[in-house]
Amino acid sequence: MYSVLRRASPKPSFSIPWNHSPPPQLPQDAALASLILESDREGLTRILHDPNIHWTSDSVNKTLKRLWNHGPKALQFFNTLDRHPTYTHSSSSYDHAIDIAGRLRDYKALWAFVSRMRSRRVGPGPRTFAIITERYVAAGKPDRAVKVFLSMHEHGCPQDLNSFNTILDVLCKAKRVEKAYNLFKVFRGRFRADCVSYNILANGWCLIKRTPRALELLGEMVERGIDPSLTTYNILLKGYLRAGQVKEAWEFFLQMKKRKCEIDVITYTTLVHGFGVVGEIKKARKIFDGMVGEGVLPSVATYNALIQVLCKKDCVENAVVVFEEMVSKGYVPNVTTYNVLVRGLCHAGNMDRAMELMERMKDDECEPNVQTYNVVIRYFCDAGEIDKALNVFEKMGRGDCLPNLDTYNVLISAMFVRKKPEDLLVAGKLLIEMVDRGFAKEILRSQSRCGRLPRQVKL
DNA sequence: ATAGGGTTAG
């Protein structure tokens, strides 16, 4: 039975936590994570304060990471352990907790962690502020993020070029490029902006498809005596391709070659992917086949790019051939390789082979992640095979990979499509489970963005 | 955790 149905019966008591579902050879932190999810406050203290468990910073961090999509429980775990008689949290665990609080937009808790960190003299450090600013920006508060950056020194962590570049990057990655550029103009002198600062901003303009501004910035850096690096050129190249300026991209690449710029594997990966996504498969292949002759070996990412575009714009069989080829050459596929191919197989209607590949992943010691599961669940739902989707969901729930908002969204909406009464019952239970796990705020936010819920609906 | 290349999808 999957977890929602189990939830319907009385919860197992703590002395026999695994009575209903004995853990199948799960890593310790995964077993712990599911145990935490199932337990109430009292039980939690009992487990965590058990003198037989030896806590380390590493095991705490792994557990927090597992509970990433279950914020309230994760913080409850962190706080309970914070009252442990002998164990004290490390700075990286505080950073994790701060990240989670920020994701939940619980700024009160976030700043309480910062003060506690400081009073225990384990921070806050540059990484802490990278996290905090990123969370504010993600919550749509870029001005707040800038203020936090400007007040870092008041928390005992002085700003430097690194932290300056970090805040620029955080703003750019969230597409607040104009804001980043304004901050940059004010402080580039004080922090001695370097090539990295310029690259971050150039990449920002490229992300919002404003390649002319990126090019302008390139001129600006040269004017100020900073030499563009290969990274700079790769950013521009990617920018042209992202903006659909394929011809310009190719000309830019030829210029790079002509100017004796050392072309690297990232340049080639960018090209293979870029030409592939616009459907120029032959060109993508030609670039891929030609790179070795230029003295550059493909990486796993290059293979991933080729496999992905073959799945999307050619046919999945050819992608499988390339996959087998890379394996026979001794490359070790990573989780992205598998995910791309699993999705390709699903898309081609080969659900059985997709599931087989997922099994092969496990045999190859590459654990499927939430994306892998979500893809398969989504395609099963699309095909109306809700029972099979639930079957896969059940496998996740056992703890090795916890569901996220997408997982719930896909499953629940699929059940509303079919409208069988028993489905609706399960959908309701899933919804309760979601709310239980702290997804409610997130749902409301995403729904109100789409205008699907009236504003007065409150949870 | 200072920058560039691969992950779902309407």
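Each chain gets a letter, A, B and so on, in the order its sequence line appears, and its residues count up from 1. Computed over heavy atoms, backbone and side chain alike; hydrogens, waters and symmetry mates excluded.
With hydrogens and angles ignored, no donor-acceptor pair under 3.5 angstrom links the side chain of A:Asp264 to the base of B:dG5. In the interface, the side chain of A:Thr269 is paired with the base of B:dG5 through a donor and an acceptor atom under 3.5 Å apart. Looking at A:Ser299, its side chain comes within 3.5 Å of the base of B:dG5 through a donor and an acceptor atom.
Aromatic ring orientation, A:His89 versus A:Phe78: parallel (interplanar angle below 30°, classes split at 30° and 60°). Ring-plane geometry between A:Tyr233 and A:Phe252 is classed as tilted, the angle between the planes lying from 30 to 60 degrees on a 0 to 90 degree scale.
Taking atom CZ of residue A:Arg242 and atom C1' of nucleotide B:dG5, one finds them 10 Å apart after rounding to whole Å. What separates OH of A:Tyr268 from C1' of B:dG5 is a distance of 14 Å, to the nearest Å.
Contact between the side-chain N/O atoms of A:His273 and the OP1/OP2 oxygens of B:dG5 is not found at any separation under 4.0 Å. Under 4.0 angstrom from either OP1 or OP2 of B:dG6 there lies at least one side-chain N or O belonging to A:Lys238.
Salt bridge absent: A:Glu154 and A:Arg118 never bring a charged side-chain N and a carboxylate O closer than 4.0 Å. In this structure, A:Asp99 does not pair ionically with A:Arg103, as no charged nitrogen and carboxylate oxygen lie closer than 4.0 Å.
Within the nucleic acid shown, A:Leu230 comes within 4.0 Å of at least one base atom, counting heavy atoms only.
For the residue pair A:Glu433/A:Tyr408, the side-chain donor-acceptor check at 3.5 Å is satisfied.
Residues from residues 169-198 of chain A with heavy atoms under 4.0 angstrom of DNA chain B, sorted by number: A:Asp169, A:Lys173, A:Val196.
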